[in-house]
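Here the structure comes first, spelled out in structure tokens, and everything after it is commentary.
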Amino acid sequence: MTAPFTFSPEVQAAKANGQPIVALESTIITHGMPYPANRETALNVEATVREHGAVPATIAIIDGELRIGLDNDTVDELAQQTDVMKLSRADFAFAVAQGKHGSTTVAATMIAAHLAGIDVFATGGIGGVHQGAEQSFDISADLHEFAHTPVHVVCAGAKAILDIPKTLEVLETLGVPVVTVGQENLPAFWSQDSGIASPLSVKGINEVAKFIAARQQLNMKGGVLIGNPVPADAEIPKPHMDTIIAQAIADSEAEGVQGKAVTPWLLGRIVELTDGASLETNKALIYNNAAVAAQLAVALHS
Ligand code: PSU
Ligand code: MN
């Protein structure tokens with residue numbers, strides 16, 4: 001049986017040599033940032049992973065083919081195309097069956113990484129429970145994926161457009177560990193401090209590696225969510241961000257934005273409302289997550 005995916009030459013070589021690998025998602029490229037910041041960020045994230053001793057594997061579906069590792073031309077193509085499907089668990093296989101281009105969200109990237117034998121993944125912020133979910137029922141499939149799929153994800157917290165306490169409640173119900181590195185409180189994506197205690201916290205990445213090893217010994221399923229605060233010099237303090245987010249959510253409601261479109265629409269609106277400042281913070285936090293994920297991959301695999 002042939003594998004249901006294709007490695008890039010770089011990832012193939014890393015596999016053959018037993019090097020640590022970090023998976024990267026592609027929804028940030030297609031639905032998370034405008035062009036050309038998306039292209040620049042995707043390539044810089046890969047470079048950051050390499051600088052920290054691991055090999056990057058950006059994941060996407062190209063003409064129905066699941067690719068583990070992308071060449072720069074393909075990154076550029078995804079960055080400019082406007083009709084790429086945003087894939088989660090529900091529609092991942094549909095894009096394969098129909099021969100489409102699809103970008104992978106956190107949930108879909110975890111599925112693909114696990115298929116390919118990669119267990120560390122860096123992103124910006126995971127999806128979660130949206131504000132007003134008691135009406136809309138909008139809860140990201142990312143949360144359920146952690147319960148099933150043993151891929152460990154470094155992020156800067158749940159995106160602050162979400163309802164963070166409700167997101168933590170769902171993760172707890174699903175048995176998903178949330179561990180923050182270097183502080184007691186959960187980060188809030190653009191801001192270092194959400195003001196909400198992280199369920200677990202550790203001083204450094206070696207403790208995360210030990211925690212993952214203990215989970216494996218105890219035969220526990222699923223992934224660990226690792227919170228890594230945005231660097232201080234790049235953050236937008238929470239009081240300011242809260243005002244911006246409230247405005248963006250009000251605007252999205254006025255526009256009637258729903259479903260899969262909500263997260264990309266809010267991210268885009270927040271870039272406008274902050275005159276581009278949120279985009280700079282978004283880039284900085286992703287690079288920071290890529291560096292920590294590479295360190296984790298090294299700690300787990302050497
Ligand atoms: N992190 C970012 N930008 C993004 C996303 C994460 O910095 O665009 C994407 C991820 O792919 C995440 C998705 O899985 O947003 C969540 O979408 P939804 O809320 O529709 O599940
Ligand atoms: Mn949703």
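Whatever order the structure lists ligands and atoms in, that order sets their numbers, starting from 1. In this chain, numbering begins with 1 at the start of the sequence shown. Side-chain atoms are counted along with the backbone in the values below, which use heavy atoms only and exclude waters and symmetry mates.
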Note to self: Within the 4.5 Å heavy-atom criterion, are Ile286 and Thr123 side-chain neighbours or not?
What the structure shows: no
Item checked: Residues which pass side chain to side chain contact (heavy atoms under 4.5 Å, CB included) with His52, listed by chain and number, not counting sequence neighbours -> Thr48, Ala291, Ala294, Gln295
Notebook entry, point to check: Sorted by chain and residue number, which protein N/O/S atoms are under 2.8 Å from the Mn ion (ligand 2)?
Noted result: Asp138 OD1
Checklist line | Working for side chain to side chain donor-acceptor pair (under 3.5 Å), residues Thr74 and Asp71 | finding: CA-CA 5 Å; Thr74 306; Asp71 57 57; 2.8 Å; yes
Check: With hydrogens left out, which residues have an atom under 4.0 Å from ligand 1, given that only heavy atoms count?
Finding: Glu25, Thr27, Ile28, Gly32, Lys86, Thr105, Val106, Thr123, Gly124, Gly125, Gly127, His130, Ser140, Asp142, Lys159, Phe189, Thr263, Leu267, Asn282
Next item on the list: Would you kindly say whether Thr58 and Glu46 are connected by a side-chain donor-acceptor distance under 3.5 Å?
Entry: yes
Checklist line | Contacts of Phe5 that satisfy ring pair (Phe, Tyr, Trp, His ring centres under 6.0 Å) - sequence neighbours left out | finding: Phe7
Check: Is the backbone N or O of Thr27 less than 3.5 Å from a side-chain atom of Glu25, with the two atoms forming a donor-acceptor pair by type?
Finding: yes
Notebook entry, point to check: Looking just at side-chain N and O atoms, do Thr109 and Thr104 make a donor-acceptor pair shorter than 3.5 Å?
Noted result: yes
Checklist line | Nearest heavy atoms of Ala197 and Asn185, plus distance in Å | finding: CA-OD1, 3.4 Å
Check: Any chance the side chains of His301 and Asp119 put a donor and an acceptor closer than 3.5 Å?
Finding: yes
